[in-house]
Amino acid sequence: METKEETQGKTTMKKTLLIFNCLILSIGNCGGPLIMRLYFIHGGKRIWLSAWLETGGWPIILIPLAISYFHRRATDPTTKLFYMKPPLFIAAAIIGVLTGLDDYLYAYGVARLPVSTSALIIATQLAFTAGFAFLLVKQKFTSYSINAVVLLTVGAGVLAMHTGSDKPAHESSREYILGFILTLVAAALYGFIMPLVELTYKKSRQEMNYTLVMEIQMIMCLLATVFCTVGMLINKDFQAIPREARNYELGEVKYYVVMVWSAIIWQCFFLGAIGVIFCASSLLSGIIITVLLPATEILAVIFFQEKFQVEKGVALGLSLWGFVSYFYGEMKENKKKKPAAPETLMAPSNNPVGNV
């Protein structure tokens, strides 16, 4: 039986982890699309390479994992190097392959669309996340969450009716439309992946903690990177990298700087996303990604001088309206639950995790 102090300590730790993961998710969610687009607009053309960079920074996770291991070993010399058991490894590997496919779909979209457009399309991810969360982890729907899903879907529809209005001059209509469609498919697939990660946490037959979350992240990104490496080999991207670097508009050195920072920033996104799922839910992770949309939009307009037409403003307004609707509904639901079980606000009931 846990004491009140132990329970409060776990709650404080979980809140701290949630804030930390929200911060790194924000960095990855806003910075990832921008640095990927920077690669393309200055002469980069390798889509498989861009997809590879989204998860290619997975060795970074070895640093906190090593720190965690040596910290555990200081108090328990018999501790295992890795927590993960075979069933969880297999699940993480399957999700990793799906993530690799999603990376390619998303990279193709960013290569063809302005950041402000692709970001608005990705906002529909919340609708897909909500739907798959309902099917996979029995996420409850309210009138507010349904309203949010409808608004986000309508927002994507508004963009779809004006797909050619911000088409880059050097691209054909076919490439632009294909980029639009594949970005939407990427949003749907990642909307499926996040609840799938939450389901994996629920169904794992071992106690979940943040070290194990990082191990899952590492395996997911490793398998996604392997998937994209196969694509790069088939497309002969490795042979093309030195030539592309020499012809890069910003210079050869900055070409490699862009690639390194792209790998680092995208790792922030993926670790932040599954960290939020661990601390709360897949739906909250999707909401945070959506609410950061205005920041990504503004940064794209500032750094890349992208056009911001009326339909984008309408889609942005509908997306924000959808977010506010969902968030307001969640606040009302939490107030209803508070008298009966005040602790559920600190440790959401749909996330049966163990010690952090």
Side-chain angles (χ1 to χ4, degrees), residues 11 14-15 17-23 25-26 29-30 119-159 184 187-199 201-202 269 272-297 312-353:
T11 299
K14 183 163 288 187
K15 284 183 175 180
L17 280 174
L18 180 59
I19 293 170
F20 170 74
N21 282 284
C22 286
L23 287 174
L25 176 57
S26 300
N29 192 64
C30 293
L120 283 166
I121 299 170
I122 289 296
T124 61
Q125 177 181 290
L126 179 57
F128 294 112
T129 301
F132 287 120
F134 173 75
L135 295 173
L136 297 178
V137 294
K138 310 304 179 187
Q139 179 76 44
K140 291 183 179 179
F141 270 97
T142 65
S143 58
Y144 298 98
S145 56
I146 293 172
N147 185 49
V149 169
V150 171
L151 288 169
L152 288 166
T153 304
V154 172
V158 171
L159 280 177
L184 189 60
L189 181 55
Y190 200 66
F192 171 70
I193 288 172
M194 288 199 291
L196 191 60
V197 170
E198 186 175 356
L199 181 66
Y201 291 164
K202 282 176 172 285
F269 171 82
I274 72 166
V276 171
I277 295 171
F278 167 75
C279 296
S281 69
S282 57
L283 199 52
L284 179 60
S285 187
I287 290 165
I288 293 170
I289 291 170
T290 303
V291 80
L292 291 169
L293 170 64
T296 307
E297 291 279 340
K312 288 186 182 180
V314 173
L316 178 58
L318 290 170
S319 297
L320 291 175
W321 183 8
F323 166 75
V324 171
S325 175
Y326 175 84
F327 191 70
Y328 179 72
E330 285 298 292
M331 287 178 62
K332 290 193 71 173
E333 285 297 308
N334 283 337
K335 285 181 179 179
K336 289 179 183 178
K337 294 176 184 177
K338 192 172 183 179
E343 69 276 8
T344 57
L345 292 181
M346 300 178 181
S349 58
N350 62 344
N351 185 28
V353 296

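Counting from 1, the numbers follow the sequence of the chain as shown. These numbers come from the heavy atoms of this one structure, side chains and all, not from hydrogens, waters or symmetry mates.
- What you find for Cys279 and Leu17 is that their closest heavy atoms are SG-CB, 3.7 Å.
- Between Ile274 and Tyr201 the shortest side-chain heavy-atom distance falls below 4.5 Å.
- Taken from CZ in Phe128 to CD1 in Ile193, the straight-line distance is 13.0 Å, to the nearest 0.5 Å.
- Rounded to the nearest 0.5 Å, atoms CD1 (Ile122) and OG1 (Thr296) are 10.5 Å apart.
- Rounding to the nearest 0.5 Å places CG of Leu23 at 7.5 Å from CD1 of Ile19.
- With rounding to the nearest 0.5 angstrom, the CG atom of Leu135 is 11.0 Å from the CG atom of Leu199.
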Check against side chain to side chain contact (heavy atoms under 4.5 Å, CB included), Leu25 and Ser285: CA-CA 9 Å; Leu25 176 57; Ser285 187; 4.3 Å; yes
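- The aromatic rings of Tyr190 and Phe269 are tilted relative to each other, their planes meeting at an angle between 30° and 60°.
- Using a 4.5 Å cut-off on side-chain heavy atoms (C-beta onward), Leu284 and Leu18 make contact.
- Looking at heavy atoms from C-beta onward, Cys22 lies in side-chain contact with Ile288 at the 4.5 angstrom threshold.
- Taking both residues in full, the closest heavy atoms of Ile277 and Met194 are given as CD1-O, 3.6 Å, listed atom of the first, atom of the second, then distance.
- Side-chain contact between Phe192 and Leu136 is present, with at least one heavy-atom pair separated by less than 4.5 Å.
- The shortest heavy-atom contact between Pro195 and Ala133 is CG-N, 3.6 Å.
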